[in-house]
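Just so it is clear, the structure is predicted and the values come from calculations on it, not from any experiment. All residue numbers refer to positions in the sequence shown, counting from 1.
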Amino acid sequence: MFFSLSKILGFFVVPSNTVAILCALGALLLLTRFRKAGSRILAFGMFLLLVCGYSSLGNLLMLPLTERFPAWSAAGRTPDGIIVLGGSIDPERSQARGSLEIDASAERIVTMLQLARRYPQARIVFSGGSANLIQEPVSEAPIAGDLLQDFGTPASRIVLEGDSRTTAENAEFTRKLVSPKPGERWLLVTSAFHMPRSIGAFRKAGFDIEAYPVDWRTRGWSDASMPFTALSAGLARTDVAVHEWIGLIAYWVTGRSSELFPGPRKINQT
């Protein structure tokens, strides 16, 4: 229920969809006796389109998320396990084409392969099912497992969790699957903007884990005032950031996260 509701409501709160709905509503009202209201709604929609698409709003919303957790430090003992969250593979297109099709968060996959080679004793866990609400769902996990083996990772080190559809399920199902022992060191690989919500979900599930953010999207706070030169780029950045902020609030309100805005926490690495 939560998954379906989040997908449906998520469609309407994404800025680009909101702008499109406002503009369409305004245009329709122009054809009725409510022309004055229609012109105002259309003008407001166009204003939002320009602000979300060309201003630095997307970066201003994104930066608090991406800068919440610093880059991972390799100090201390080597990790016992590495968890990589799904969301970087397009499973339906990969299945249809018979090849690996990666989307905007490809850094998660690249980092997974790098860490699998750098820490040959660590277990590599890929957690990702299908978030497709309309089409026949295809899980990401088996595709990631095949990729790991293609790059030389023994099957004995690979753990695949392919049933999760949300970040909360990533955390819950992964913890049950790997049963982390006290004192073990586990890393969590996901996009930097998604890390606060992910860490909150894992902490709520009782799994203390270290953040390994990737896919930063910005250079840092120097981008706070940087406008976009392409409307589509600014809209995409704003959409991602707003979606994540709403996700943080929803997870906290529904008890799926330990905190409203989770941050770094010292973990014993000895």
I'd like to know if the side chain of R97 pairs up with that of S99 as donor and acceptor (distance under 3.5 Å, no hydrogens or angles considered). no
E107 side chain to S191 main-chain N or O, any donor-acceptor pair under 3.5 Å? no
R68 side chain to P262 main-chain N or O, any donor-acceptor pair under 3.5 Å? yes
Spell out, as yes or no, whether a donor-acceptor pair under 3.5 Å connects the side chain of D80 to the backbone of R185. yes
For P91 and S139, work out which heavy atoms get closest and say how close. CB-O, 3.8 Å
Mind running side chain to side chain contact (heavy atoms under 4.5 Å, CB included) on I158 and T153 for me, showing each step along the way? CA-CA 8 Å; I158 301 171; T153 304; 3.8 Å; yes
Would you say the side chains of D215 and S105 form a donor-acceptor pair under 3.5 Å? yes
Starting from the C-alpha separation in whole Å, work towards a yes-or-no answer on side chain to side chain contact (heavy atoms under 4.5 Å, CB included) for I82 and V125. CA-CA 6 Å; I82 297 156; V125 183; over 6 Å; no
How about F202 and L85: do any of their side-chain heavy atoms sit closer than 4.5 Å? yes
Say whether, by atom type as modelled, one donor and one acceptor occur between the side chain of S56 and the main chain of A224 under 3.5 angstrom. yes
Other residues, nucleotides, ligands: >12 heavy atoms within 6.0 Å of R118 CZ: yes
Check whether any side-chain heavy atom of V51 sits under 4.5 Å from a side-chain heavy atom of F47, and report yes or no. yes
Quick one: CZ on F207 to NZ on K176, what's the gap to the nearest 0.5 Å? 14.0 Å
Holding to side-chain hydrogen bond (donor to acceptor under 3.5 Å, both in side chains), I want the full list of residues that pass it with S198, two or more places apart in sequence or in another chain. H194
Do you know the tightest heavy-atom contact between W221 and P64? CH2-N, 3.9 Å
Hey, is CZ on R93 packed in by over 12 heavy atoms from elsewhere, all under 6.0 Å? yes
Starting at CZ of F126, measure out to CD of E161 and round the result to the nearest 0.5 Å. 9.5 Å
Between R123 and V178, does the side chain to side chain contact (heavy atoms under 4.5 Å, CB included) criterion hold? Intermediate values first, please. CA-CA 9 Å; R123 282 190 285 173; V178 304; 4.2 Å; yes
Cluster overlap L57 with V240, hydrophobic side-chain contacts below 4.5 Å: yes
hydrophobic_cluster_shared for V19 and F228, side chain cutoff 4.5 Å: no
Note: E259-R203 ion pair, threshold 4.0 Å (strictly below): yes
Heavy-atom side-chain proximity of R197 to S257 below 4.5 angstrom: no
Is there a side-chain contact between S127 and V84 (heavy atoms, below 4.5 Å)? no
How close do A141 and L160 get, counting heavy atoms only, and between which atoms? O-CD2, 3.5 Å
Determine yes or no for a side-chain-to-main-chain donor-acceptor pair under 3.5 angstrom, with T190 supplying the side chain and M195 the backbone. no
Greater than 12 external heavy atoms within 6.0 Å of W252's CH2: no
Could you check if a side-chain atom of L147 sits within less than 4.5 angstrom of a side-chain atom of I89, using non-hydrogen atoms only? no
At what distance, to the nearest 0.5 angstrom, does CG of L48 lie from SG of C23? 8.0 Å
Short question: side chain of T18, backbone of V14 - any donor-acceptor pair under 3.5 Å? yes
To the closest 0.5 Å, what do you measure between CE (M112) and CD1 (I83)? 13.5 Å
Ring centre gap for F261 and W245 strictly below 6.0 Å: yes
With the 4.5 Å side-chain cut-off for hydrophobic clustering, are L260 and I199 part of the same group? no
Given side chain to side chain donor-acceptor pair (under 3.5 Å), test D239 with S16 step by step and report yes or no. CA-CA 7 Å; D239 280 353; S16 59; 2.6 Å; yes
So, taking the atom named OH in Y212 and the one named CG in L188, what distance separates them when rounded to the nearest 0.5 Å? 12.5 Å
Ion pair present between R217 and D223, side-chain N to carboxylate O less than 4.0 angstrom? no
Count I, L, V, M, F, W, Y as connected when their side-chain heavy atoms are under 4.5 Å apart, and connections chain through other members. Are Y54 and L22 then in the same cluster? yes
Checking the side chain of R256 only, and the main-chain atoms of A168 only, is there a donor and an acceptor separated by less than 3.5 Å? no
Is L60 reachable from L63 through a run of I, L, V, M, F, W or Y residues, each pair having side-chain heavy atoms under 4.5 Å apart? no
Roughly how far, to the nearest 0.5 Å, is the CE atom of M62 from the OG1 atom of T238? 8.5 Å
For the residue pair V138 and Q95, what are the closest heavy atoms and their distance? CG2-OE1, 3.6 Å
Ignoring hydrogens, what is the shortest heavy-atom contact between I102 and S88? Give both atom names and the distance. CG2-O, 3.1 Å
Between D163 and E169, is any pair of side-chain heavy atoms under 4.5 Å apart? no
Should we say atom CD of E101 is surrounded by more than 12 heavy atoms from elsewhere, each under 6.0 Å from it? yes
What pair of heavy atoms forms the shortest contact from W216 to P70, and how long is it? CH2-C, 4.1 Å
So do the side chains of T218 and E67 get within less than 4.5 Å of each other, counting heavy atoms only? yes
